[in-house]
Novice: 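Below are the structure tokens for one structure; questions will follow.
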There are 2 protein chains.
Amino acid sequence: MRQGPTITTIAARAGVSIASVSRVLNGLPTSDDTVRRVKVAADELGYVPNSVARSLKSSRTNQVAFAMADIGNPTYVAMVRAMQPVLKAAGFRLILHSTDADIDDELDVLRRLGERYADGLIISPLRVTERHLNAFAEARAPVVVIGSVPEGTPVDNVRADSRTGLRLALDHLYALGRRRIGFVNGPLDTVPGAARARAYADALAALGLPHDPALIEIGDFYREDGAAATRRLLARTRPDALMCANDLIALGALDVLRAEGLTVPDDVAVVGTDDTELAPVAWPMLTSVALGSAERGRRAAELMLDRLADGSAGPRVVTVEPRLVVRGSTEGPR
Amino acid sequence: MRQGPTITTIAARAGVSIASVSRVLNGLPTSDDTVRRVKVAADELGYVPNSVARSLKSSRTNQVAFAMADIGNPTYVAMVRAMQPVLKAAGFRLILHSTDADIDDELDVLRRLGERYADGLIISPLRVTERHLNAFAEARAPVVVIGSVPEGTPVDNVRADSRTGLRLALDHLYALGRRRIGFVNGPLDTVPGAARARAYADALAALGLPHDPALIEIGDFYREDGAAATRRLLARTRPDALMCANDLIALGALDVLRAEGLTVPDDVAVVGTDDTELAPVAWPMLTSVALGSAERGRRAAELMLDRLADGSAGPRVVTVEPRLVVRGSTEGPR
DNA sequence: TTGTAGGCGTTATCAG
DNA sequence: CTGATAACGCCTACAA
């Protein structure tokens, strides 16, 4: 763990100037003899270039940061997992920020971009406030947002298509003969909560089903909240299907339905959202709307790399196609 | 996204030298007037210090890297999640490396520590080879290894205690009257695979149960492999309990048992290992040996911070206490 | 082809 | 208390 050699060390050892060392190391035209001596010296000393010095000179860190609410959430895990190989292949390291969806924390991450510790930031805020929009505009490095932002926001944007996603799910339930399709959503002031509320209403309308407020319940995005919300919903009405705003909520719904002695999917079909790794673990396995977390992560990383290669293009919007993954919680037992 | 101001910009604006600016920014004794002028200028310009330049000067990056096989694995997710707040509180950023358990990749990460992009590396290799040990010795920055390393390896080390963990599990099964306790393990040339094989044998011996090779089967650490291994095992013998080397394997076992028409836990009790977030999602909920992934992550981060604060101490070994989390897959159907 | 020198943005030392 | 100035390690004109 001794101190590493620098080009100065190598220059001394090889009997050449630091400029020559730098040239050899960067493959610039140099005499064969010099090349040989430098390579030998560098090899013997186990030279590894100092990336900090390089960054200071080049004002490039080869690091990209990703900020999300909670790395424990399977959706973000899927994103990270998909970003990683893209960034790595391009020679970038990935820095992870967990913000607990705390707005000040998120703004702090954006402000700190000014420290230039990363070349760009991919961020997936649960809520997008006015302050976020300001911070996006003021950001000192390229920002890619996962989750919809208003038209005209000066960032690249990767969005899910909840609208089509819920439409797929409700069509599927309708085709199975379900007509009283409940909806257990997350908070309406979050990006996904708001989007999914609209999407549910639209899908009902498209099917010509009535929009019955008794069939809608709201909790937070976790299993316990989903369970509690489902309990409240069941206390006042009896759906034949439950659309859930994410997989954790759906797990909570399964818990409650089982506790109430209702059979899934015979009595009540259940659909989750996000198609996380949890969906095929549940029993019955959970039918879920895949909003393409992995692909959103991948696309975000690609947008970032594009942007870093050529900063001039206008803000781009990429929408990822949803897919319905049908499993036992809607298709019948087993 | 304009270029950020530097202390030079501020100095000019405040009409003082860059030295004074630096002093004010670092809270060193300065006249009130200078302080005021510098702060105003810095504020107006939205100054944010450049961390790269700071790093070059201080040879500290305030970054810690974590290398693991696959961020999709819930065990690593738990570690990352636990490291994050510890590092963040100490002002460190977290860099993530996913190596796919590729040895060359892991060695590369170790070698690149010489680039000084991070102050230290936490690594959790699935296999620890001779080359790893060499690389640990040669590393240009502090290394903390999660997973056992041989005595005398010059790194801090956080280990799980599979031995006690499996002992807890087998005692539990024994107490429930199970006597034919099968074992579905992962590859024996991995750190956890080897440890768990020994631990299983020891636990059997302690209970005075015979070590029957027919009850042991090996696959990889994934659900499909666990299912296949369980199928092979059931084809030749009939256990009344299955100990599984991780939760994914246990899920595969549940799949196969269900398919065979066997009831869990009545016919066969099932125990997983790692107590991941998947355990309480399965049905029946999975009893699992918690080897403290989160705590191992937390402790590793703490060891790293200690080490960075004071490099002189000898290599330390921390062992995390296991815990058996009992759920429906052993205790009876709810 | 090679070496000298300046600069990336900070911090820290040293005179004044 | 303050300002010049020299590092940190690297890259790159520019000059030889």
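Excluded from the calculations below are hydrogen atoms, water molecules and symmetry mates; all remaining heavy atoms, backbone and side chain alike, are included. First the proteins, then the strands, lettered A, B, ... as listed; each starts at 1.
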Novice: By the 4.0 Å heavy-atom rule, please label A:Thr34 as base, sugar-phosphate, or nothing.
Specialist: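 Sugar-phosphate, no base atom in range.
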
Novice: Rounded to whole Å, please give me the gap between CG in B:Leu28 and P in C:dC14.
Specialist: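 Answer to the nearest Å: 16 Å.
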
Novice: Would you say A:Arg13 and A:Thr8 make side-chain contact, with heavy atoms under 4.5 Å?
Specialist: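 They are not in contact (no side-chain heavy atoms under 4.5 Å apart), so the answer is no.
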
Novice: Using whole Å, what does the distance between atom C1' of nucleotide D:dG9 and atom OH of B:Tyr117 come to?
Specialist: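 After rounding, the reported distance stands at 18 Å.
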
Novice: Looking at the side chain of B:Lys57, which of C:dG7, C:dT11, D:dG3 is the nearest nucleotide?
Specialist: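 From the listed options, C:dT11 comes nearest.
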
Novice: Side-chain contact, heavy-atom cut-off 4.5 Å: B:Tyr47 with B:Leu25?
Specialist: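 Yes - at least one pair of side-chain heavy atoms lies under 4.5 Å apart.
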
Novice: Counting the atoms with a prime plus P, OP1 and OP2 as sugar-phosphate, which does A:Val16 contact under 4.0 Å by heavy atoms, base, sugar-phosphate, or nothing?
Specialist: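 Sugar-phosphate, no base atom in range.
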
Novice: I want to verify a distance call: between C:dT10, D:dG9, C:dT2, whose nearest atom is closest to the A:Leu56 side chain?
Specialist: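 Given the options C:dT10, D:dG9, C:dT2, the side chain of A:Leu56 is closest to D:dG9.
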
Novice: Rounded to whole Å, how long is the line connecting atom CZ of B:Arg23 with atom P of C:dC14?
Specialist: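 From B:Arg23 CZ to C:dC14 P: 14 Å.
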
Novice: To the nearest Å, give me how far apart CG (B:Asn26) and P (C:dT11) are.
Specialist: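 Going from CG in B:Asn26 over to P in C:dT11 covers 5 Å.
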
Novice: I want to confirm an ordering. Mapping A:Ile18 and A:Ser31 to their closest nucleotides on DNA chain C, which one lands closer to the 5' end?
Specialist: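 With A:Ile18 and A:Ser31 compared, the 5'-side residue is A:Ser31.
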
Novice: Within 45° of the ring axis of B:Tyr117 and under 6.0 Å from its six-membered ring centre, is that where the NZ or CZ of B:Arg112 lies?
Specialist: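 No - B:Arg112 does not lie over the ring of B:Tyr117 by the 6.0 Å and 45° rule.
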
Novice: So do the side chains of A:Met304 and A:Asp156 get within less than 4.5 Å of each other, counting heavy atoms only?
Specialist: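 A side-chain contact is absent here, since even the closest heavy-atom pair is not under 4.5 Å.
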
Novice: Name the residue closer to the 5' end of DNA chain D, choosing between B:Ala53 and B:Asp33 according to the nucleotide with the nearest heavy atom.
Specialist: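 In this pair, the answer is B:Asp33.
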
